[in-house]
Participant: 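What follows is a single structure, and I will ask about it in a moment.
Chain letters run A, B, ... following the sequence lines, proteins first and then strands; every chain starts at 1.
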Amino acid sequence: MTATENIKIEKPPKGASIPAKEGIKKAILGVFKKALETEALDAIMIPVKVPETESYAWVLLKDTTLLENADPLPPVMTIQGGKVLSDLTKHGKINKNIAAVLRPCETRAAVELFKLKQLHFENITLISIDCPGAIPLSEYLAEPEKSKKSFDNVLDKWDGDDAVRKVCQICYRFSLPTLTNAPASDLHIGLSGNTKDDVLLIPVTPKGEKILERLDLKADSSLQKWETKIKEIKKIKSQRRKKFNHDFKANISGPEKFTAVFDGCINCHNCQSVCPICYCQQCYFDSATTKLSSEDYFRRAKERGALRFPLDTILFHLGRMSHMALSCVSCGACEDACPMSISVSQVFSLVGEQTQQAFNYTPGINREESLALQDYLEDEFCEVETPSECEPTNSNEVKENV
Amino acid sequence: MDKDFKPNIVGFLCNWCSYAGADLAGSNKLEIKPFLSVVKVMCSSRVNSNLVLTSFLWGADGVLIAGCHPGDCHYEKGNYYARRRFALLKKIMESLNLEPQRLQLSWVSASEGKRYAEVVNKFAEDITKIGPSPFRKNQNL
Ligand code: SF4
Ligand code: SF4
Ligand code: SF4
Ligand code: FES
């Protein structure tokens with residue numbers, strides 16, 4: 001065990017380099033195995049391939065033999081990891097020392113859930129990992145072998161690929177900033193740029209440092225190569241996102257086109273129930289408040305000549321946006337869960353981005369930041385008032401940390 | 001522009017300021033266009049997105065939210081929160097091109113009868129120019 005004075009993160013930040021001769025996943029699992037064996041951790045929450053099916057479930061495991069089927073970066077995102085951590089700790093902190101391995105969007109969802117008081121971070125070491133994207137769930141289930149191959153390919157190339165979900169192709173937050181003053185995760189696993197030879201374990205918080213210390217790992221490798229690569233990919237993906245969102249907006253916006261996007265919606269609310277941000281015990285849109293009498297519906301049908309059922313699908317989608325768009329982490333879980341293949345996460349991601357920019361808020365990258373709707377400044381948003389008597393004060397600049 | 005178009009506007013007025021302002025405008029016999037269906041709310045912060053969206057989806061051509069000037073809310077901070085929620089809703093409508101001009105936030109105090117009349121008349125004029133809401137006849141909601 002290293003002495004306490006070595007715990008302090010050196011500047012510029014460095015990471016522990018783990019050799020990955022047998023592949024990056026083996027290398028990462030090796031670290032976890034050691035952490036469990038040495039009792040640096042009591043348990044790990046990690047995706048594990050479910051026996052007899054091709055699917056993955058999250059498993060809280062202590063038994064290292066179970067690690068054999070674990071995958072820190074599975075080809076699909078069956079269940080949003082932020083939601084899983086919330087399920088585990090919603091009603092109070094956990095007393096065991098556990099680590100959870102989450103993709104960046106899952107990590108950010110966890111941070112938003114923490115701000116929403118739906119998750120406790122005490123005793124949890126949150127480990128985030130660079131993510132090349134995930135294969136659409138339906139495609140993966142239809143052709144698992146082919147999908148695994150294309151995922152390996154994506155993991156090799158790192159700049160997004162048609163094989164991954166649309167939101168992944170345009171995701172420029174596939175890594176997380178490792179700023180100690182604005183932590184999202186405790187430890188970040190850097191992959192891109194190091195895929196061939198090594199994996200970087202980058203401590204962000206004292207908890208992250210402690211794990212490395214317990215494992216006798218020294219954070220003495222430069223992050224420069226990794227950071228350069230991240231910047232490169234980020235640039236490509238940001239440009240792709242800009243172009244995609246521009247075209248997508250043209251295709252789906254306006255009252256007619258927007259309602260047409262949801263024409264096929266069967267109002268099953270799957271998108272809401274899998275969304276990590278939609279944590280409400282009872283969703284407002286399932287409640288009786290939104291239901292009217294048959295006479296009211298008949299009157300509406302008469303006014304417009306006909307009335308489509310199920311009712312209130314557009315109210316549901318717009319209303320859900322108005323509840324959670326500022327915290328949408330663009331994870332794509334909603335779209336994976338939609339039985340009607342509606343581009344729901346692309347719509348939410350677009351609206352999320354534009355609203356978040358207006359509020360100068362980036363969900364999930366800083367635990368210390370307060371939620372945009374639980375806060376206000378006396379002097380702001382005067383441009384939304386009519387008549388408006390002041391210069392706009394809210395800048396549209398996006399905070400960028402990576 | 002349809003000469004016969006009479007817009008259907010929903011106005012959420014806070015009890016302490018804007019509703020009183022409307023009252024004053026009425027007792028001063030100011031001319032106010034008769035297109036506003038007034039819903040009295042205790043505070044502008046009582047107006048949630050569901051009220052606004054339901055109004056739009058079921059045929060309102062415009063929605064006006066009016067409350068006390070910043071700093072004067074009778075619950076101190078209500079209108080600051082209301083302004084944030086409004087900004088979010090407006091931005092959602094903007095990002096989807098859902099005719100955000102149909103949604104307006106105005107501050108009108110209890111003593112501003114004249115301002116109330118001006119705000120309502122101007123908004124009614126704007127909405128008349130834009131025309132009927134496309135949601136009025138939409139069967140796929
Ligand atoms: S709306 Fe969809 S993309 Fe956004 S956080 Fe929820 S599940 Fe993820
Ligand atoms: S749509 Fe709104 S009420 Fe429903 S679960 Fe999401 S946040 Fe809660
Ligand atoms: S999952 Fe798809 S079909 Fe179900 S409510 Fe959401 S958008 Fe509609
Ligand atoms: S009481 Fe008028 S805005 Fe709150």
Side-chain angles (χ1 to χ4, degrees), chain A residues 245 249-250 252-263 265 284-285 289-290 296 300-301 303-308 311-315 318-319 321-323 325-326 347 350-359 372-387 389 394, chain B residues 45 48-59 64-67 69-71 73 76-108 115 118-120 122-123 126 133-141:
Chain A
N245 272 354
K249 181 169 174 171
I252 61 128
S253 68
E256 299 305 321
K257 286 185 192 161
F258 178 70
T259 44
V261 171
F262 293 101
D263 267 358
C265 174
Y284 181 82
F285 301 99
T289 329
T290 56
D296 277 316
R300 287 177 179 187
E303 274 165 12
R304 45 196 80 208
L307 191 59
R308 191 191 93 126
L311 291 157
D312 292 329
T313 49
I314 295 297
L315 176 69
L318 285 175
M321 261 171 216
S322 74
H323 292 178
L326 288 170
V347 175
L350 170 78
V351 173
E353 177 177 277
Q354 305 216 339
T355 52
Q356 289 159 20
Q357 275 177 17
F359 278 75
L373 288 182
Q374 287 180 4
D375 206 5
Y376 66 83
L377 298 174
E378 289 182 6
D379 196 8
E380 64 173 1
F381 286 119
C382 24
E383 70 277 12
V384 304
E385 301 164 6
T386 307
E389 272 145 27
N394 202 283
Chain B
S45 60
N48 60 28
S49 58
N50 186 54
L51 294 173
V52 177
L53 292 171
T54 306
S55 306
F56 276 130
L57 293 172
W58 295 110
L64 172 71
I65 301 171
H69 287 270
C73 170
E76 286 178 49
K77 316 175 202 172
N79 52 6
Y80 292 126
Y81 290 114
R83 185 170 56 190
R84 281 221 163 181
R85 281 182 226 151
F86 177 88
L88 172 60
L89 205 48
K90 186 96 169 171
K91 198 73 208 173
I92 291 174
M93 290 177 77
E94 267 171 43
S95 61
L96 295 167
N97 288 328
L98 296 180
E99 308 188 346
Q101 329 82 282
R102 296 184 185 276
L103 177 61
Q104 178 167 315
L105 173 72
S106 299
W107 308 127
V108 177
R115 181 173 161 112
E118 281 165 9
V119 162
V120 172
K122 174 76 173 52
F123 190 45
D126 292 347
S133 160
F135 287 120
R136 273 200 190 201
K137 293 283 167 211
N138 195 320
Q139 298 167 345
N140 280 346
L141 296 177

Participant: Heavy-atom distances under 4.5 Å only: say whether B/Phe86 touches chain A with side chain, backbone, both or neither.
Facilitator: side chain

Participant: Report the option among A/Val351, A/Thr289, A/Thr290 that has the most heavy-atom pairs separated by less than 4.5 Å from atoms of chain B.
Facilitator: A/Val351

Participant: Rounded at 0.5 Å granularity, tell me how far CD1 in B/Ile92 sits from CG in A/Leu326.
Facilitator: 7.5 Å

Participant: Side chain from CB out, backbone as N, CA, C, O: work out which of these in B/Pro70 comes under 4.5 Å of a heavy atom of chain A, or both, or neither.
Facilitator: side chain

Participant: Which region of A/Asp312, side chain (C-beta onward) or backbone (N, CA, C, O), has a non-hydrogen atom less than 4.5 Å from a non-hydrogen atom of chain B, or is it both or neither?
Facilitator: both

Participant: Hey, mind stepping through B/Asn50 and A/Leu315 against side chain to side chain contact (heavy atoms under 4.5 Å, CB included) and telling me if it holds?
Facilitator: CA-CA 8 Å; B/Asn50 186 54; A/Leu315 176 69; 3.6 Å; yes

Participant: Can you tell me how far the CG atom of B/Asn138 sits from the CD atom of A/Glu256, to the nearest 0.5 Å?
Facilitator: 5.5 Å

Participant: Okay, side chain of B/Arg136, backbone of A/Glu303: is any donor-acceptor separation there less than 3.5 Å?
Facilitator: no

Participant: By a 4.5 Å heavy-atom criterion (distance strictly below it), what part of B/Lys90 contacts chain A: side chain, backbone, both, or neither?
Facilitator: neither

Participant: Angle class for the A/Tyr376/B/Tyr81 ring planes (parallel below 30°, perpendicular above 60°, tilted otherwise)?
Facilitator: perpendicular

Participant: Let me know if A/Gln374 has heavy atoms under 4.5 Å from chain B in its side chain, its backbone, both or neither.
Facilitator: backbone

Participant: Between B/Arg84 (side chain) and A/Leu373 (backbone), is there a donor-acceptor pair under 3.5 Å?
Facilitator: no

Participant: Does the B/Ser106 side chain pair with the main chain of A/Thr386, one donor and one acceptor, at a distance under 3.5 Å?
Facilitator: yes

Participant: For B/Val119, is it the side chain, the backbone, both, or neither that has a heavy atom closer than 4.5 Å to a heavy atom of chain A?
Facilitator: side chain

Participant: Report the distance from atom CG of B/Asn48 to atom OH of A/Tyr284, rounding to the nearest 0.5 Å.
Facilitator: 5.5 Å

Participant: Please find the pair of heavy atoms, one from A/Ser322 and one from B/Leu88, that lie closest to each other, and give the distance.
Facilitator: O-CD2, 3.3 Å

Participant: Chain A heavy atoms under 4.5 Å from B/Glu94: which part of the residue, side chain, backbone, both or neither?
Facilitator: backbone

Participant: Quick check for you: to the nearest 0.5 Å, what is the distance between A/Glu378 atom CD and B/Arg83 atom CZ?
Facilitator: 8.5 Å

Participant: So, taking the atom named CG in A/Asp375 and the one named OH in B/Tyr80, what distance separates them when rounded to the nearest 0.5 Å?
Facilitator: 13.0 Å

Participant: Using 0.5 Å steps for rounding, measure from the OG1 atom of A/Thr259 to the CG atom of B/Leu57.
Facilitator: 9.5 Å

Participant: Identify the heavy atoms of A/Val384 and B/Ala87 that sit nearest to each other, and give their distance.
Facilitator: CG1-CB, 4.1 Å

Participant: If you compare all heavy atoms of B/Gly59 against all heavy atoms of A/Arg304, which two are closest, and at what distance to 0.1 Å?
Facilitator: N-NH2, 4.2 Å

Participant: Heavy-atom cut-off 4.5 Å, strictly under: side chain, backbone, both or neither for B/Ser133 against chain A?
Facilitator: neither

Participant: Counting heavy-atom pairs closer than 4.5 Å to chain A, which one of B/Glu99, B/Lys122, B/Lys137, B/Met93 comes out on top?
Facilitator: B/Lys137

Participant: Does any backbone or side-chain atom of A/Ala372 lie under 4.5 Å from a heavy atom of chain B? Answer side chain, backbone, both or neither.
Facilitator: both

Participant: So which heavy atom on B/Ser95 is nearest to which on A/Lys249, and how close?
Facilitator: O-CE, 3.3 Å

Participant: Of all of A/Arg308, A/Gln354, A/Glu385, which one pairs up most often with chain B through heavy atoms under 4.5 Å apart?
Facilitator: A/Glu385

Participant: Shortest non-hydrogen contact from A/Ser253 to B/Leu96?
Facilitator: CB-O, 3.1 Å

Participant: Within the structure provided, determine whether A/Pro387 and B/Arg115 are in side-chain contact (heavy-atom separation under 4.5 Å).
Facilitator: yes

